[in-house]
Structure formats: C-alpha cells, structure tokens
Amino acid sequence: DGVHMNPQPVAIVGNMIADALNDMIQCPENEFNARATEADLGPATTPITSPLREYGKFRHHHTGSVYVSNVTPATPVRGRIRDKWASMGWENGYPGYPTEPERCGYVRGGCYSVFERSSIYWSPATDAVEINGATRDLWGRMGYENSWLGYPAADKFCGIRDGGCFQRFEGGHIYWNGATGTHAVRGRIFDRWGYSAYERGWLGYPTSSEYCGLSEGGCFTHFQGGSIYWTLGTDAKAVKGKIKERWASMGWERSSLGYPVSEERCDRQGCIQDFQRGSLYYRWGTPQAVVR
C-alpha cells in the first residue's frame, strides 16, 4: 500500500540530497570565496569541511572563517570575536551559527557580530564579550554602546539569588530576575546597594533602572525593599518602609524635606531619618511617619 515516511526522515533525506547537489555544482565553493573576499580573510588554510550541525560547513582562512548551515547564510567571522565564539563551542555553543558579518566603526573603535541567539561585541578596552536575551534588549533600548553603560565588559553571570543574572558593562551593571525584570544600576547608587549586600541584602533586586534629571541633579533607583537617592551634595542614601511612604506622599525630593541626608536609625521606640530640611520619625505600631 505504498511507502510510509514521517516528516523527520523526509527532512533528513531532503537535506542530504540538497547537500550533495550543492557540492556537485560548487555552490559552497563560490559562496565561501565571495564571503571570504568581502571580509578580507586572506587565503584559505583548510578545505571546506562538513558536516556540522544543521548540515553546516566551514572553511578556515588566515584571519577568520566562513560558516554556513541549512538555516543560516554563509557568514564570515574573524579576529577576537571568532576567538570568543570558539571558546564557547563554535556552532554548538549558546550563540549558534553566525548570521551577519562583523560590523565595525562604532564608538571607540568597537565591532560586533550577530549570531543565532546572541551577539559578540569587541572594543580595544573590553576585548570580546557575548551578550544575549533580556540584557541585550535593555542595553539596546538604552542606546547600546552609546549609552552610559558603554560596552559589555564581562560575560553574563547567573546563579545568584532567586535565579538572577547580572552582566558588567564599562559604566555600570544590568541585573535580571524573573520577578523584577531587567534593570541597569551604576555609580554611587550601585556602591550603596553593594554596601547592603546587593541582591542578597534587604534592598533585594532593582525594580527600575537609574533615573536622573531630578532637582539638584539628583538620581534614583527603586529596589524590592526600598529606594536609593543620590545628589552630589547628599551622596547616595537608602530610604524604605513607612518613612519612604510618608516622604513619597509629601512629594519625594520636591517636598519641603528635600533629599535624605542620613540612613534610617532605629531603636526599640521606632526609626528616624534625616532629610535636608527636617526629619521623618516612625514610632512602631503607628499608622505613618511624622515630620520633625
């Protein structure tokens, strides 16, 4: 009653036939030569080699390589970006195959290459660093290397509290957690957060990226357990709980109190925190903090 085949073996047979036909008409050879010439990779140092994952092929050249698969175009990859990709497992690593040739001429001489699941950026100051996922998305929304973050300076590190991840950049850090999303933190606010043990402390993870442009040139970042406000005159101070709630109800830094100038101090009676033009005192068990 005929031959029965399911989609998987049909795809395997089809790929084998296409692969053989391409080789017969020298399709890979012509394509590899064109891509290598465009990227100025120099003479080939190996023959076209196959098969790799997804029926991939590659050829190494003096200053780079060309890779192709049945899901990605023939693409050159070179220099320190290729070295970084190689250290991650070539096409079998997390980035996958290259999908766009290296692009250069960015801020401070930077370059990048795009891969299936991530990008690798290089600059003279940072070397080659991989960036992916929500971290890359936020960095992009902020302006990539043109933002205050600059270039990524280290690979993403995961496995911190509650399954979180972070990545260091030239000008700050991006933190991610499933409950809080992805946010950037830097400078004296980052230092103050670190004083309270980063995400392991009472502040927890950031719930906003740093926002500036407040009165007196102030900035703030919100966290799970409170907020940190900074100005040049007051430095970075944390505010939380009932004192933060009352300060917010009064208009934050625009209120008659201004910015916090001390950390919260507590005893058996309650807590007090000093601001530029007064203090807020919260007595345990009362509805709200009061102005002093």
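Computed from a predicted model, the values in this text were never measured in an experiment.
One finds a salt bridge joining Glu263 and Arg192 here, because a Lys/Arg side-chain nitrogen approaches an Asp/Glu carboxylate oxygen to under 4.0 Å. Taking 4.0 Å as the cut-off between side-chain N and carboxylate O, Arg108 and Glu170 count as a salt-bridged pair. Under the 4.0 Å criterion applied to side-chain N and carboxylate O atoms, Glu102 and Arg80 are not assigned as salt-bridge partners. Using a cutoff of 4.0 Å between basic side-chain nitrogens and carboxylate oxygens, Arg53 and Glu116 are scored as salt-bridged.
Between Trp193 and Phe223, the distance separating the two ring centers is shorter than 6.0 angstrom.
Panel note: side chain Thr99, backbone Thr72; no donor-acceptor pair is recorded below 3.5 Å. With hydrogens and angles disregarded, no donor-acceptor distance shorter than 3.5 Å links the side chain of Trp122 to the backbone of Asp127.
Val66 and Phe58 are members of different hydrophobic clusters when ILVMFWY side chains are connected at heavy-atom separations under 4.5 Å.
A cation-pi arrangement is found for Arg292 relative to Tyr281, the charged atom lying closer than 6.0 Å to the ring centre and inside a 45° cone about the ring normal. A cation-pi arrangement is present between Arg117 and Tyr94, with the terminal nitrogen or guanidinium carbon under 6.0 Å from the aromatic centre and inside a 45° cone about the axis.
Environment of OH in Tyr144: sparse, with no more than 12 heavy atoms of neighbouring residues, nucleotides or ligands closer than 6.0 Å.
Using a 4.5 Å heavy-atom cutoff, the side chains of Thr182 and Asp137 are not in contact.
Asp155 meets the side chain to side chain contact (heavy atoms under 4.5 Å, CB included) test with Lys84, Val129, Glu130; sequence neighbours excluded.
Results of the ring pair (Phe, Tyr, Trp, His ring centres under 6.0 Å) test with Tyr229 over Trp247, Phe275, Tyr211 single out Trp247 as the only residue that passes.
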